[in-house]
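Inspection log for the structure reproduced underneath, given as structure tokens.
As the structure is a prediction and not an experimental result, all values here were calculated from the model. Heavy-atom basis, side chains included; hydrogens, waters and symmetry copies ignored. Order of the sequence lines fixes the chain letters, A, B, ..., with proteins taken first and strands second; residue numbering starts at 1 for each chain.
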Amino acid sequence: MGSQMITFKDRLKAAVLERLKPAFPVALEDLDLAPTPDPKMGDLALTFPFQLAKKLKKAPRAIAQEAAPLLAGIPGVAGTVVAGAGFLNLRLDRSAVLAETLRLAGRTDLAAEEGKIVIEHTNINPNKAAHIGHLRNACLGDTLARCLRYKGEPVEVQNYIDDTGVQVVDVVFGFMELEKRSLEDLERLPGRFDYYCWDLYARVSAYLAGHPEAQARKSEITKRIEHGQDPEYGLSRYVSRRIVRAHLATMARLGIGYDVLPCESTILHLKFWDRAFELLKERRAIYLAAEGDNKGCWVMRLEEDEEREKVIVRSDGTVTYVGKDIAYQLWKFGLLGRDFFYEPFSVENGRTLWISTAAPSNGGAPAFGRATKVYNVIDTRQAYLQKVVVQGLRALKYEAQAAQSVHFSYEMVALSPKSLDELGYAATDEEKERSFLEVSGRKGLGVKADDLLDRLEAKALAEIEKRDPDRPDADRRRTARDIATGALRYFMLKYARNSLIVFDFEEALSFEGETGPYLQYTAVRLAGIFRKLKERFGLGEADIRPPAGGALLIPPGLAEAEAADSWDLILTAASLEEEVLRSIAALELSHLAKFAFLLCQKLNGYYHKYPVLAEQDAGLRSFRLLVLKTVKDQLITALGLMGIQPPERM
RNA sequence: GUGCCUGUAGCUCAGCUGGAUAGAGCGUUGGACUCCGGAUCCAAAGGUCGGAGGUUCGAAUCCUCUCAGGCACGCCA
């Protein structure tokens, strides 16, 4: 069953309104169909009697009682229940609703609303290995992309590469000044290059803090990189490209991919900023400060605080981060009047990943950018800057695009004191006082993404070997990888985005309870039933269909307890599309995660109570199979949206 | 100082645009079918929803105040 619950509810609402209208002053928006706390009280609750009580000067319960008979005979409604202080609950006609939803199986209530959506996520500085904070960003961004695509939206995923930023400069400084290495040395450097740079970057940060005189050399490196002068330029390019490949490999382990990599170096070469600067000046979005602290700078007034201004161009003529970001945001909407060139960077599963270039190349790249809506997945600490960027659009009179610029903000991942010990980090006394510690690339403090994935895989492998020692090696490893991915992706999605995750190894490495592997295990058991169905009865999943001709679905004489359990399970499964829409609307992907978990909990309970293959009554057996098939399809879809792959066995 | 976020069971967190008896996982205690996989299921114990006012038929949810914690506010990115 696709979930036509949305259409069903809308139709139901309209029918209810039609019946009530002659007798009560109700509008469509007064009619919300909420779930009841207990199926015994009916399936869907109406609360309008409470709203009308004052207007009609009547008790809500009396209104509900008066209204109840009016709803008799609505298609799909089997009866009404007046409950509590004035709830009017609808009891649905289970067979009819089941038949209808199954009849429409495969159809969807979802429809695209945007011309094109650009999602920017991951955006890791290409100077060190990815860590758990980056994983949260990428998991959120990728899941959002999957949800929007499922809804039918055209989605383009961009991963911005800041390949000329200070962080890359620091690592180039380290290679040149601290290690005296040439480009050829780097090319021969074996092993995990991103890990090597992780340590080097921390060393450079410490060195620069202790050697202020080294700043001059650092500035020189920055300038030479900007002007394309070797060896600095070549080194920066080598470092950033090799590390981007490492990041892509890390994300590929999680099934996360991208469409295009816009690079800051290209933005500089193609003078995106110059064009944005012209626009900002033309439309008087910024002005040259004549006095005060910002004298000589081009600044923008802040909307919420007239007194304050944000520097966009420094007094030395260089542009700030926010300025560059405004140019990039304009480009995403196709408003800049300039464009990148592209060349293929890699091919993964037949999907080409493009990278921006300053010079025309072979072509063949799709038309990137030109979005009607943009999501920037960036942690909450950048909320202020994101606001300034949007304000920049508004100042340019791009009101519509400003309104369609969404900052998908989320809290950071921090480290628990316990995890600090495990990392062997020597915390200062001040740091020990804190309940958590921020991940810090400068200090070299953090849990590397690949290390975490390695540990998850090792643990999963150990579990598999314990349970099923005879499996072929390749099979075991593939399964361990799926489990590791499932565990990590669910972990990153289960928390609300405003919730600070204080990372703890024990929690992250758990495979029991509310975890990815629990969901995968549920799916695997379901698959097991259908595998055995084939073996024992010769029936494939495609053979599990509702009886033809709208015949009665629910076997006569089905025990009330089982009828209620089946109904509850089906109704839950059918709400997938609603949950996806709700997740997108609230930018709260934990809704989707919790939904999948709830569905699994209900399914596991059902699984325990009602045998399927062992059931002797053929009618009952096929009814249960139909229930399980329905749930299985929805569950697989939900897992897919979270990037979680259920293994064949586990 | 200003702005944003958070405070719910021993711990980690849910709680949809205010709706009925505040839920889950972990942990603790006690259980489970010669069963379709025990990475599962069932049960018990565990809560002044930080505090005080207010709005409402109804508040964990909205408003005000207050306490506690976090983050942001740069001619860094």
Side-chain angles (χ1 to χ4, degrees), chain A residues 29 32 34-38 41 45 47 49-51 53-54 59-60 83-87 89 125 162 165-167 264 289 293-299 302 304-305 308 310-316 318-322 324-325 379-385 387 409 411-412 414 434-436 438 460 463-464 466-468 483 494-496 498-502 504 506-507 510-515 517-518 520-522 524-526 528-533 536 578-579 582-583 585-586 588 590-591 593-594 597-598 600-601 604-605 607-615 624 628 649-650:
Chain A
E29 52 273 21
D32 57 321
T36 60
D38 185 337
M41 297 193 254
T47 57
F50 293 105
Q51 275 126 32
K54 193 168 243 179
F87 292 94
N89 299 340
N125 272 304
D162 186 3
V166 289
Q167 296 210 19
E264 171 154 283
D293 293 341
N294 297 331
K295 187 175 174 184
C297 299
W298 286 89
V299 299
L302 294 183
E304 81 275 8
D305 187 350
R308 288 172 53 203
K310 179 76 194 164
V311 173
I312 305 296
V313 180
R314 304 182 188 101
S315 51
D316 66 1
T318 56
V319 58
T320 60
Y321 166 72
V322 183
K324 279 183 272 188
D325 225 26
D379 80 68
T380 183
R381 290 172 294 186
Q382 296 210 42
Y384 168 72
L385 293 166
K387 231 169 122 180
S409 81
E411 261 292 354
M412 60 180 170
R434 312 205 25 146
S435 58
F436 66 86
E438 220 173 301
E463 296 287 332
I464 293 165
K466 205 162 68 192
R467 279 157 235 257
D468 198 358
I483 292 172
K494 70 191 266 197
Y495 299 97
N498 270 335
S499 179
L500 175 80
I501 298 179
V502 180
D504 180 83
E506 202 180 314
E507 272 176 47
S510 168
F511 291 166
E512 281 165 23
E514 195 192 340
T515 66
Y518 172 88
Q520 290 171 310
Y521 181 68
T522 307
V524 165
R525 291 212 299 191
L526 272 175
I529 291 177
F530 286 98
R531 192 173 55 240
K532 293 213 162 85
L533 178 73
R536 293 186 203 170
E578 277 177 290
E579 292 295 331
R582 202 162 71 87
S583 299
E588 196 53 271
S590 61
H591 289 327
K594 301 277 176 190
F597 177 62
L598 178 72
C600 287
Q601 276 186 312
N604 281 320
Y607 176 97
H608 246 264
K609 273 199 214 164
Y610 308 111
V612 175
L613 299 181
E615 176 55 49
R624 287 177 185 166
L628 291 191
R649 294 162 199 272
M650 63 187 280

Atom pairs, N/O to N/O, protein against nucleotides 26-30 of chain B, distance under 3.5 Å?
none

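Taking the P atoms as reference points, B:rA60 lies 10 Å from B:rG50, given to the whole Å.
Look at A:Arg582 and A:Glu578 and you find no salt bridge, because none of the NZ, NE, NH1 or NH2 atoms lies under 4.0 Å from a carboxylate O. For A:Arg381 and A:Glu438, the salt-bridge test passes: some basic side-chain N is under 4.0 Å from an acidic carboxylate O.
If you check every strand for non-hydrogen atoms under 4.0 Å, A:Tyr384 touches sugar and phosphate atoms only. Residue A:Ala45 is in base contact, counting any heavy-atom pair closer than 4.0 Å across all strands shown. Residue contacts for A:Leu526: at a heavy-atom cut-off of 4.0 Å it reaches no nucleic acid atom on any strand shown. Within the 4.0 angstrom heavy-atom criterion, base atoms lie near A:Ile464. A:Lys295 comes within 4.0 angstrom of a nucleotide base, judged by non-hydrogen atoms across all strands. The residue A:Phe597 sits close only to the backbone: its heavy atoms come under 4.0 Å of sugar-phosphate atoms, none of a base. Counting any heavy atom pair closer than 4.0 Å across all strands shown, A:Asp162 reaches sugar-phosphate atoms only and no base atom. At a threshold of 4.0 angstrom between heavy atoms, the contacts of A:Ser499 are confined to the sugar-phosphate backbone, with no base atom among them. Using a 4.0 Å heavy-atom criterion, one finds that A:Ser315 contacts the bases of the nucleic acid, with or without backbone contacts as well. Residue-level contact check: A:Pro611 touches the bases, meaning some heavy atom is under 4.0 Å from a base atom. Within 4.0 Å (heavy atoms only), A:Arg531 reaches no atom of the nucleic acid at all. Within the 4.0 angstrom heavy-atom criterion, only backbone atoms of the sugar-phosphate kind lie near A:Lys54; the bases stay farther away. Counting any heavy atom pair closer than 4.0 Å across all strands shown, A:Arg624 reaches no nucleic acid atom. Residue A:Asp325 is out of contact with every strand shown, counting any heavy-atom pair closer than 4.0 Å.
A residue-by-residue look at A:Glu507 and A:Leu613 shows that A:Glu507 has its nearest nucleotide of RNA chain B further toward the 5' end. Each of A:Arg381 and A:Val166 lies near RNA chain B, and the nucleotide nearest A:Arg381 is the one positioned closer to the 5' end.
Nearest nucleotide to the A:Asn294 side chain, out of B:rC57, B:rC36, B:rC75: B:rC75.
The residue from A:Glu588, A:Glu579, A:Glu514 that alone fulfils the side-chain hydrogen bond (donor to acceptor under 3.5 Å, both in side chains) condition with A:Lys594 is A:Glu514.
Between B:rC76 and A:Arg314, a contact under 4.0 Å exists linking OP1 or OP2 to a side-chain N or O. Checking the phosphate oxygens (OP1, OP2) of B:rG15, no side-chain nitrogen or oxygen of A:Arg582 falls inside 4.0 Å.
Proximity of a side-chain donor or acceptor of A:Thr522 to a complementary backbone N or O of A:Tyr518 within less than 3.5 Å is detected. For the pair A:Asp379 (side chain) and A:Met412 (backbone), a donor-acceptor distance under 3.5 Å is absent. When atom types are taken as modelled, the side chain of A:Asn294 and the backbone of A:Cys297 share no donor-acceptor pair closer than 3.5 angstrom.
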Exercise. How does RNA chain B read in dot-bracket, base by base from 5' to 3', with Watson-Crick or G-U pairs under 3.5 Å and | used when the partner is on another strand?
Worked result: (((((((..((((.....[...)))).(((((.......))))).....(((((..]....))))))))))))....

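Residues satisfying the salt bridge (charged side-chain N to carboxylate O under 4.0 Å, His left out) criterion with A:Lys54, sequence neighbours excluded, are absent altogether.
In this structure, the separation between CD on A:Glu615 and CZ on A:Arg624 is 4.5 Å, given to the nearest 0.5 Å.
The stacking criteria are not both satisfied for A:Tyr521 over the base of B:rG37, which would need a centre-to-centre distance under 5.5 angstrom and an angle between ring planes under 30 degrees.
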